[in-house]
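The structure appears right after this line, and notes come after that.
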Number of protein chains: 2
Amino acid sequence: MGANSRLTIAAHALAWMGLNERMGGEVATSEQIANSVNTNPVVIRRLLGELREAGLVESRRGAGAGWRLRRAPESISLAEVYRAVEGGPLFALHAAAPNQRCPVGHGIRAALTPVYEDAEAALRAQLGRTSVADVLGESLSAP
Amino acid sequence: MGANSRLTIAAHALAWMGLNERMGGEVATSEQIANSVNTNPVVIRRLLGELREAGLVESRRGAGAGWRLRRAPESISLAEVYRAVEGGPLFALHAAAPNQRCPVGHGIRAALTPVYEDAEAALRAQLGRTSVADVLGESLSAP
DNA sequence: CGTTGACGTAACAGTAGTTGTTACAACGGA
DNA sequence: TCCGTTGTAACAACTACTGTTACGTCAACG
């Protein structure tokens, strides 16, 4: 699959913001986060913008501006982060509609849709068992 | 995510082969399957080739050639099909290694790896609850 | 023993999404 | 007013998926 690192970068950014907060930092700039992630600040701003739409973070503009968590790291699950940064479905149905005159082609989409929904639900449920605070804690305790 | 239709096409092809078998057909050709899926026969051959490597189907060459299931449709789960057609991991870690001098950057990959493994395991477990026979049966019973 | 039908596979184009980058307008505190 | 940061557009490079054409290879069958 076209695996991407969007969830990884988003989780990294949120964990960094959680640590920054714990160290007394008021706001985090995209440049600071990008320095930890090792990427370009614009990449961080784009991703954090999606997290802001989901209500997970907020931003301030102007001088001394930056980003802040809107909720406690313990209350932000990776399932919410996943939903914020991965819009579409995990599995696509046929690009072109299958042959409706074939019994299989006629019913296959209706057969697969609930299967895919259940599979995605299982994925999200498992992601929901880990919070940003968990990710931060595990990161800090790594050898 | 870069959602693709590989699992959909593979499940469709296997279900079609199951129905063909049930109707007394010996082998299925990539052209017949492509006609039901509404795509090009080469797309089918490429995908079935991966399913053959996984031991799910077999092919015969020469005149009167084609494809056959190697196992009963009831015994082929979508988890196996998924494993056969989706090689890599669902979530990628950082493209470039994060900043090791940052506490978060240093430990984040070790923190996320087991989270991603558990999430994928949950996805596969749920896919494992549906077989090719289930897909065929649900397709045939669609209105 | 050649014909024939289908597989196996390479090669290519078009499309789309991700990632990184530069550039610049907009904003707001000092 | 100045300056640092966000917000966003635009672009290139890369990768993956999908569809397509082309052609070599194989094995059954007349």
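Note that these values count all heavy atoms, side chains included, but never hydrogens, waters or copies made by symmetry. Order of the sequence lines fixes the chain letters, A, B, ..., with proteins taken first and strands second; residue numbering starts at 1 for each chain.
Between A:V43 and A:N40, the closest side-chain pair of non-hydrogen atoms falls below 4.5 Å. Between B:L90 and A:L123 there is a side-chain heavy-atom pair separated by less than 4.5 Å. By the 4.5 Å heavy-atom criterion applied to side chains, A:L7 and B:Y116 are counted as neighbours.
Atom pair A:E50:CD and C:dT18:C1' shows a separation of 12 Å (rounding to whole Å applied). Computed from coordinates, the A:E53 CD to D:dT6 P distance equals 17 Å when rounded to whole Å. Computed from coordinates, the A:I33 CD1 to D:dT6 C1' distance equals 12 Å when rounded to whole Å. Distance CG (A:L47) to P (D:dT6): 14 Å, rounded to an integer number of Å. If you measure from atom CD1 of B:I44 to atom P of D:dT18, you get 11 Å, rounded to the nearest angstrom. Whole-Å rounding puts the B:E26 CD to D:dC29 P distance at 12 Å. Spacing between atom CG of A:N40 and atom P of D:dT6 amounts to 12 Å, rounded to whole angstrom units. Nucleotide C:dG20 holds its C1' atom 15 Å from the NE2 atom of B:H94, rounded to whole Å.
Panel note: side chain A:H12, backbone A:A34; no donor-acceptor pair is recorded below 3.5 Å.
Between B:R83 and B:E120 no salt bridge is recorded (no basic side-chain N to carboxylate O distance below 4.0 Å). A:E26 and A:R68 are joined by a salt bridge, as a carboxylate oxygen and a charged side-chain nitrogen come within less than 4.0 angstrom of each other. The pair A:R124-A:E86 fails the salt-bridge criterion, with no side-chain N (NZ, NE, NH1 or NH2) lying under 4.0 Å from an Asp/Glu carboxylate O.
In terms of the side chain to side chain donor-acceptor pair (under 3.5 Å) criterion, residue partners of B:E50 (sequence neighbours excluded) are, by chain and number, B:R6.
At the phosphate of D:dC17, OP1 or OP2 sits under 4.0 Å from a side-chain N or O atom of B:N4.
For DNA chain D, the residues of residues 6-25 of chain B within the heavy-atom distance limit of 4.0 Å (strictly under) are B:R6, sorted by number.
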Reading 5' to 3' through nucleotides 2-10 of chain C, protein heavy-atom contacts under 4.0 Å coded B for base, S for sugar-phosphate only, - for none: --BBSBBBB
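Interatomic distance, A:T8 OG1 to B:F91 CZ, rounded to the nearest 0.5 Å: 8.5 Å.
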